[in-house]
Visitor: 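Once you've had a glance at the structure underneath, I'll fire off some questions.
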There are 2 protein chains.
Amino acid sequence: MSDFPDPRTGGYSPRVSKPESALLDFAVDRSSPVPLYYQLAQQLEGAIEHGRLAPGSLLGNEIELAGRLGLSRPTVRQAIQSLVDKGLLVRRRGVGTQVVHSQVKRPLELSSLYDDLQAAGQSPATQVRRNEIQAASAEVAAALGVAEGSEVVLLERLRSTYGEPMAYLSNYIPPDLLNLDTAKLEATGLYRLMRAAGVTLHSAQQTVGARSATPDEGKLLAEDPGAALLTMRRTTYDDKGRAVEYGTHIYRASRYAFEFQLLVRS
Amino acid sequence: MSDFPDPRTGGYSPRVSKPESALLDFAVDRSSPVPLYYQLAQQLEGAIEHGRLAPGSLLGNEIELAGRLGLSRPTVRQAIQSLVDKGLLVRRRGVGTQVVHSQVKRPLELSSLYDDLQAAGQSPATQVRRNEIQAASAEVAAALGVAEGSEVVLLERLRSTYGEPMAYLSNYIPPDLLNLDTAKLEATGLYRLMRAAGVTLHSAQQTVGARSATPDEGKLLAEDPGAALLTMRRTTYDDKGRAVEYGTHIYRASRYAFEFQLLVRS
DNA sequence: CAGTGGTCTAGACCACAGT
DNA sequence: CTGTGGTCTAGACCACTGA
């Protein structure tokens with residue numbers, strides 16, 4: 001029962017390779033406050049990302065992996081499960097756990113346009129066009145779960161990259177949630193300010209559609225009237241279920257598209 | 001140390017109610033092949049959906065719940081965790097597990113337009129416009145991971161509701177994957193046929209954008225030339241990482257929008 | 001048949017929240 | 001302080017896969 005690769009083996013099965021010896025490098029630090037399963041998950045994810053674990057390769061069975069790392073099987077399973085949830089690994093009973101064959105791109109998340117653009121190296125610029133208190137319309141009141149006519153903050157921002165407008169963002173925010181400093185809003189994104197103010201974002205309901213630009217919108221975004229715009233309406237909730245933000249945004253379809261990866265619910 | 005509610009207690013905390021006695025109804029069937037944690041998760045989900053567990057109500061601690069159901073704590077945790085992942089429950093250390101306050105709408109999933117429309121009671125109709133073998137263009141070959149010029153099935157369908165066109169769907173599919181019977185395609189959706197053919201859908205990479213309709217597209221969809229269209233480009237992968245479908249679709253923005261819920265990655 | 005993941009148990013100690 | 005969820009262990013039996 002040798003665990004070593006057979007030097008006489010010259011080829012690989014077409015879609016399944018042998019358990020990878022790259023796993024031998026793994027080790028956990030029991031003195032760290034980071035949970036053991038999380039340490040393992042991060043090392044696995046790193047190995048996959050850097051190609052040390054090739055797509056299609058088998059991880060080796062859970063019992064042996066646990067033994068080698070000095071962990072229990074449930075702990076190892078917890079690490080593996082978190083990567084299965086992310087779509088990086090696939091488990092098959094009777095076969096084993098293997099790295100998915102296709103490249104995983106971006107996971108789907110509650111995206112901040114600011115962060116998206118920054119991650120793409122586009123150094124976004126924000127101009128705050130309005131930042132004031134208004135009476136909530138029926139639509140806004142329904143979305144935020146407040147009384148119609150009660151005070152909400154209206155925030156309108158023009159987001160540009162490379163000196164060209166890209167999107168016009170309109171947000172409605174409960175006034176007691178946080179202080180919206182215009183200077184800070186022009187330096188970073190709304191979600192970052194919310195997180196810094198102790199708001200824990202939890203979920204969002206989104207609708208993505210399209211329509212033609214009105215003359216005013218065309219002027220704002222440097223598009224011809226009638227040009228196609230991408231529209232997004234979003235209500236964001238915190239971990240206690242409070243609506244913390246309602247937004248109606250328009251994007252220049254010539255310069256922006258939503259890109260994301262979905263996992264099938266099992 | 002009484003576990004009974006105090007009858008003198010008349011009021012509730014503003015956002016947190018007491019553990020619900022509705023949980024006393026729960027029971028698991030050990031003779032069923034359905035996993036115990038899954039049985040419990042379904043009963044919890046049902047109780048939340050039907051309002052027997054009110055938003056904000058506490059579930060009661062895991063140890064006690066496990067004891068009452070005759071389950072171990074890890075099993076109960078697995079059930080609760082699956083609902084936390086779905087966004088129905090929130091756990092807070094030192095406090096307990098409670099039902100989220102806001103209504104959860106649709107979870108995000110790999111949606112089939114056909115299923116979406118049927119769920120909305122719109123009884124969709126499909127007309128297959130093309131169903132033939134073609135040589136893969138560079139774009140299609142790259143998306144499907146096949147050689148440029150190799151054979152792929154090109155499928156073009158017009159999807160209508162209430163006798164009005166709604167979307168024009170163009171798909172490219174590896175020819176050896178399944179038989180695409182035109183009659184079946186007009187009676188159901190592509191994903192359902194794939195699942196019936198033993199294909200396990202796993203993930204998809206999507207891009208959603210917008211543009212103006214060309215004169216030809218306007219004619220197809222009964223829109224004026226220049227009208228705003230919603231566009232979606234999607235590559236779908238199976239559980240082994242094979243690309244099983246590449247599609248470029250256009251939707252009438254006047255009649256359709258993508259709606260979904262996102263959960264924040266923690 | 002042997003090997004894999006899927007499920008389940010009965011404990012344990014810890015960190016954090018609210019009193 | 002008490003009570004909660006967060007983490008972890010060391011086993012067990014079962015169902016499915018593939019040879």
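Every chain is numbered from 1 and lettered A, B, ... according to where its sequence line falls, protein lines coming before strand lines.
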Visitor: If you look only at pairs with a residue in residues 27-50 of chain B, which of them pass as a salt bridge (charged side-chain N to carboxylate O under 4.0 Å, His left out), with sequence neighbours excluded?
Guide: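 As it turns out, the salt bridge (charged side-chain N to carboxylate O under 4.0 Å, His left out) pairs with a partner in residues 27-50 of chain B, which skip direct neighbours, are B:Glu45-B:Lys86.
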Visitor: How close or far is atom C1' of C:dT4 from atom CG of A:Leu89, stated in whole angstroms?
Guide: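 It works out to 15 Å between those atoms.
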Visitor: In this structure, how many angstroms lie between the P atom of C:dC8 and the CG atom of B:Leu69, rounded?
Guide: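 In whole Å, C:dC8 P lies 13 Å from B:Leu69 CG.
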Visitor: Looking at CD1 of B:Ile48 and CG of B:Leu83, how far apart are the two atoms once the value is rounded to the nearest 0.5 Å?
Guide: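 Rounded to the nearest 0.5 Å, the CD1-CG separation comes out at 5.5 Å.
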Visitor: Rounded to the Å, how far apart are B:Gln81 CD and D:dG5 P?
Guide: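 The distance from CD of B:Gln81 to P of D:dG5 comes to 12 Å, rounded to the nearest Å.
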Visitor: Write down the distance between CG (A:Leu65) and C1' (C:dG5), rounded to a whole number of angstrom.
Guide: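 The answer, rounded to whole Å, is 13 Å.
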Visitor: Find the distance A:Arg77:CZ to D:dT7:C1' and express it as a whole number of Å.
Guide: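 After rounding, the reported distance stands at 16 Å.
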Visitor: For A:Gln42, enumerate each residue passing the side chain to side chain contact (heavy atoms under 4.5 Å, CB included) test, keeping only those at least two apart in sequence or located in another chain.
Guide: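 Per chain and number, A:Gln42 pairs via side chain to side chain contact (heavy atoms under 4.5 Å, CB included) with A:Tyr38.
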Visitor: Once side-chain hydrogen bond (donor to acceptor under 3.5 Å, both in side chains) is applied, do any residues pair with B:Thr75, and if so which ones, sequence neighbours excluded?
Guide: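 side-chain hydrogen bond (donor to acceptor under 3.5 Å, both in side chains) list for B:Thr75, sorted by chain: B:Ser72.
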Visitor: Less than 4.0 angstrom between a side-chain N/O of A:Tyr37 and OP1 or OP2 of D:dT7, yes or no?
Guide: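 Looking at the OP1 and OP2 atoms of D:dT7, one of them is under 4.0 Å from a side-chain N or O of A:Tyr37.
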Visitor: For the CD1 atom of A:Ile63 and the CZ atom of A:Arg68, what is their distance to the nearest 0.5 Å?
Guide: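 One finds 13.0 Å between CD1 of A:Ile63 and CZ of A:Arg68.
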Visitor: Can you check the A:Ile63 CD1 to C:dG5 P distance for me, whole Å?
Guide: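 Rounded to the whole Å, the gap is 8 Å.
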Visitor: Does C:dT4 have OP1 or OP2 under 4.0 Å away from a side-chain N or O of A:Arg91?
Guide: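 For C:dT4, neither OP1 nor OP2 has a side-chain N or O of A:Arg91 closer than 4.0 Å.
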Visitor: Applying side-chain hydrogen bond (donor to acceptor under 3.5 Å, both in side chains), name anything that partners A:Tyr172, two or more places apart in sequence or on another chain.
Guide: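 Checked A:Tyr172 against side-chain hydrogen bond (donor to acceptor under 3.5 Å, both in side chains); zero matches.
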Visitor: Would you kindly give the CG-to-P distance between A:Leu58 and C:dT4, to the nearest whole Å?
Guide: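 After rounding, the reported distance stands at 10 Å.
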Visitor: Name all residues meeting the side-chain hydrogen bond (donor to acceptor under 3.5 Å, both in side chains) criterion together with B:Arg91; count only those two or more places apart in sequence or in a different chain, and write none if there are none.
Guide: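 Applying side-chain hydrogen bond (donor to acceptor under 3.5 Å, both in side chains) to B:Arg91 gives B:Glu62, B:Gln81.
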Visitor: For nucleotides 9-19 of chain C, read 5' to 3', which letter fits each nucleotide if B means a protein heavy atom sits under 4.0 Å from the base, S means only the sugar-phosphate is that close, and - means neither?
Guide: BB-B--BSS--
Visitor: Please report, rounded to the nearest Å, how far the P atom of C:dC8 is from the OH atom of B:Tyr38.
Guide: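 About 13 Å, once rounded to whole Å.
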Visitor: Go through the structure and list residues passing side-chain hydrogen bond (donor to acceptor under 3.5 Å, both in side chains) with A:Asp181, not counting sequence neighbours.
Guide: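 Testing A:Asp181 for side-chain hydrogen bond (donor to acceptor under 3.5 Å, both in side chains), a comparison that skips the adjacent residues, returns none.
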Visitor: When you measure from the side-chain N and O atoms of A:Asn61 to the phosphate of C:dG3, is any distance below 4.0 Å, counting only OP1 and OP2?
Guide: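 No, outside the criterion.
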Visitor: Kindly write out the residues that satisfy side chain to side chain contact (heavy atoms under 4.5 Å, CB included) with B:Thr207, not counting sequence neighbours, or none if the list is empty.
Guide: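 So B:Thr207 forms a side chain to side chain contact (heavy atoms under 4.5 Å, CB included) with A:Ala257, A:Glu259, B:Arg233.
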Visitor: What does the 5'-to-3' dot-bracket notation of DNA chain C look like when only Watson-Crick and G-U wobble pairs under 3.5 Å count, and pairs to other strands show as |?
Guide: ||||||||||||||||||.
